[in-house]
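Predicted model, so just to flag it, every value in this text is computed and none were measured. Just so it is clear: chains get the letters A, B, ... in the order the sequence lines come, proteins before strands, and each one is counted from 1.
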Protein chains: 2
Amino acid sequence: MNSGGPPTLRDVAHEAGVSSAIASRVLNADPHVRVREETRQRIQDAAQSLGYVPHSLARSLRGARAGAIGLVMHGLDSPINVDVLAGAHARCAQSGYVTLLAEAEDLAEDDSRLRAFLARGRLDGVILHSGYGHDDRLLDAISRSVPAVLVNADDDREAPTVRVDDAAATTLAVSHLLELGHREITFIAGPHGSQTSDRREQGYRSALDRADLGDRTDVVHADWSADSGMQAVQEILRRPSLPTGLIVANAVTAAGVLSALRDAAVQVPDSISVITIHDSWFLPHLSVALTAVRLPLQALGAAAATLLIDTIDGRDAAQDAFITDPGPELVLRKSTGSPPARRA
Amino acid sequence: MNSGGPPTLRDVAHEAGVSSAIASRVLNADPHVRVREETRQRIQDAAQSLGYVPHSLARSLRGARAGAIGLVMHGLDSPINVDVLAGAHARCAQSGYVTLLAEAEDLAEDDSRLRAFLARGRLDGVILHSGYGHDDRLLDAISRSVPAVLVNADDDREAPTVRVDDAAATTLAVSHLLELGHREITFIAGPHGSQTSDRREQGYRSALDRADLGDRTDVVHADWSADSGMQAVQEILRRPSLPTGLIVANAVTAAGVLSALRDAAVQVPDSISVITIHDSWFLPHLSVALTAVRLPLQALGAAAATLLIDTIDGRDAAQDAFITDPGPELVLRKSTGSPPARRA
DNA sequence: TTGTAAGCGTTATCAA
DNA sequence: TTGATAACGCTTACAA
């Protein structure tokens, strides 16, 4: 063997009595090469018996592929975002890419982390799970170095974007409440500056407009967290009159909304109906099993990965994409019902 | 510039009118080298103006460090496991390592994914978040290739292991119920074969033993999922008499437990008290706000990373470790209380 | 104080 | 059908 370390291609070639050149071609099953069957055997036996493992760095250094994709996520404390991550990760793994994980905040705040992450040759591309719009600098740095695909950003950005139909989701939620007879529907949005939240708000507004209820729109901002959901409810409860329906822009926030309602002894759905965007495992287990509009989050992550991989592999692609299959879907549970009878 | 691609060290050296050797030393701040201040400036200016980014692959190929750590996790659909991931990831990032993410099941099932992940030179070490004991083959393959640290495995394994004090956690839960006056306490365990669950069960048994209640032990198995928690409750409800206290080995399972109890109209905590291992954001929002024993999961992940990094960097380390700071901590909410008065 | 040159493990281009 | 050999971009003795 060589000098102690793990066996190299040369060790294999030497063992098989051939040059490293054919060893390389044989082991990579290069279709353009015709070797004697017997030689091929010898090489493969040698590789086998030496326990040869190709050195991925050396390979990528020579070729141009790292075989790795960067997943820049945010808010991994929310199961919603983890779903997107899982979808993207699975699709990358399927296609033979390993994935590097990073948090958007970390990279944006700490230049040395950003550099370590984007170090040349390490990544073939990056999926940036954004949505705040505060990350132009981050996107700039990334796309200067490798192809990037955005998830959930607006489409005025400098990279292709993949999205679910946020507006359709809230529209569906509004329709559901409208059909039940609600006319006073408040939307509990995400944080100011979130493009995702803005799109959902737009769906809410236009659905009310279409029902000639455009003057009844009412939006309260939260910040995606459960606590902020509780605060939003407390704010609403301080008003002289309550809405009969609540649409919450995010399932985690909705968990807080339900708790605050319980704390205030407001009956759901008898006094007020609640519906949220995003389905997740915990919704059936909240204080009232929560009705939701399911959005295909794993599919979203997977679509972003597909788009990126197509780009990397030189297939055209690189268009913005809407995930419409499956589309937003109503998951009925126990938190919505008819509005309370009107007090004259 | 060179041939179109991004600038290399040689380009920088050329631009600065020096050799690539000093360029390298200057840019890496090699302490053993004394360069004229003016030269150092010229090199750094050149690097700056060319937008030079070191090629991490070439660097690792030459040196021996990849600057990357593999995080092999399982069950990312549970926030509990995501907490461990977050802790490990943060600690790695802090120390300048990027992280490669993989799912244990994927690697165990698909050899080509395992090979891609462990490809030589890509990783400096791996954290394996295990707990099932089914993964000996996986651990074998990994530790044959790089240093590994286990999370939550038993300590008879072939790699150092980092753990929280599972037994102490259930002991604390038992004590809490005992103090409230409970004597019939059922433990809803994780799946058969889970070492984590076994350790928790042991803490439960020995705590009851110490209270001379060793003959009252009662264990029902679930599988970490919320659904299995519901099933466990249904099984218990079929019995002629009910326990007064339930200790659930996992917070996600506990969510299902509470829902099943609600569905069966069993009052918590009036008819039955419930306490779970693991605190998480959703516990306050369940049908009854759930009392829990908090375990330091992020610290667990971080400790695993620290241990691994120490090993990689050649500091001694590599001992099994218990995370005892902070230790298991009782988080009181509304799901535990005195047992119902005994029917004579 | 700076430059030369030899690798690190592959792959690709020739030539044999 | 196979073998030399030159890159890929960087680090590091060693030499000047």
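If you check C:dT4, D:dC8, D:dC10 against the side chain of A:L61, the one that comes closest is D:dC8. Residue B:T8 has its side chain nearest to D:dG9 when only D:dG9, C:dT10, C:dT1 are considered. Minimum atom distance to the side chain of B:V33 is reached by C:dT2, of the listed D:dA4, C:dT10, C:dT2. Listed nucleotides C:dT10, C:dA5, D:dT11 differ in distance to A:H55; the shortest reach to its side chain belongs to C:dT10. Taking the side chain of A:R25 as heavy atoms from C-beta on, and the options D:dG3, C:dA5, C:dG9, the nearest nucleotide is D:dG3. Of the candidate nucleotides C:dG9, C:dT11, D:dG9, C:dT11 has the atom lying nearest to any side-chain atom of A:S24. Of all nucleotides listed (D:dG3, D:dC10, D:dT2), D:dT2 comes nearest to the side chain of A:R36.
Looking at B:R42, its side chain does come within 3.5 Å of a backbone N or O of B:A16 through a donor-acceptor pair. No donor-acceptor pair under 3.5 Å is formed between the side chain of B:D83 and the backbone N or O of B:Q298.
When heavy atoms are screened at a 4.0 angstrom cut-off, B:T39 is found touching the sugar-phosphate backbone but no base atom.
Judged purely by distance below 3.5 Å, without hydrogens or angles, the side chains of A:R91 and A:T306 pair a donor atom with an acceptor atom.
With values rounded to the nearest 0.5 angstrom, A:D310 atom CG is found 7.0 Å from A:D313 atom CG. For the atom pair OG (A:S60) and CZ (A:R65), the distance works out to 8.0 Å, reported to the nearest 0.5 Å.
Atoms CZ (B:R34) and P (C:dG3) sit 17 Å apart, rounded to a whole Å. The distance from atom CG of B:D30 to atom P of D:dC10 is 16 Å, rounded to the nearest whole Å. Regarding B:N28, its CG atom lies at a distance of 5 Å from the P atom of D:dT11, rounded to whole Å. Taking atom CZ of residue B:R65 and atom P of nucleotide D:dT11, one finds them 12 Å apart after rounding to whole Å. If you take CG of A:L9 and P of C:dT11, they are 7 Å apart, rounded to a whole angstrom. Atoms CD1 (B:I22) and P (D:dT11) sit 14 Å apart, rounded to a whole Å. Separating the CZ atom of B:R120 from the C1' atom of C:dC8 is a distance of 10 Å, rounded to the nearest angstrom. Between A:L27 atom CG and C:dT10 atom P there is a gap of 9 Å when expressed in whole angstrom units.
For B:S19, a side-chain nitrogen or oxygen approaches OP1 or OP2 of C:dG3 to under 4.0 Å. The phosphate of D:dC10 (OP1 or OP2) has no side-chain N or O of B:R10 nearer than 4.0 angstrom.
Nearest-nucleotide assignment on DNA chain C puts the 5′-proximal partner with B:S20, out of A:S20 and B:S20.
A donor-acceptor contact under 3.5 Å is not formed by the side chain of B:R62 with the base of C:dG9.
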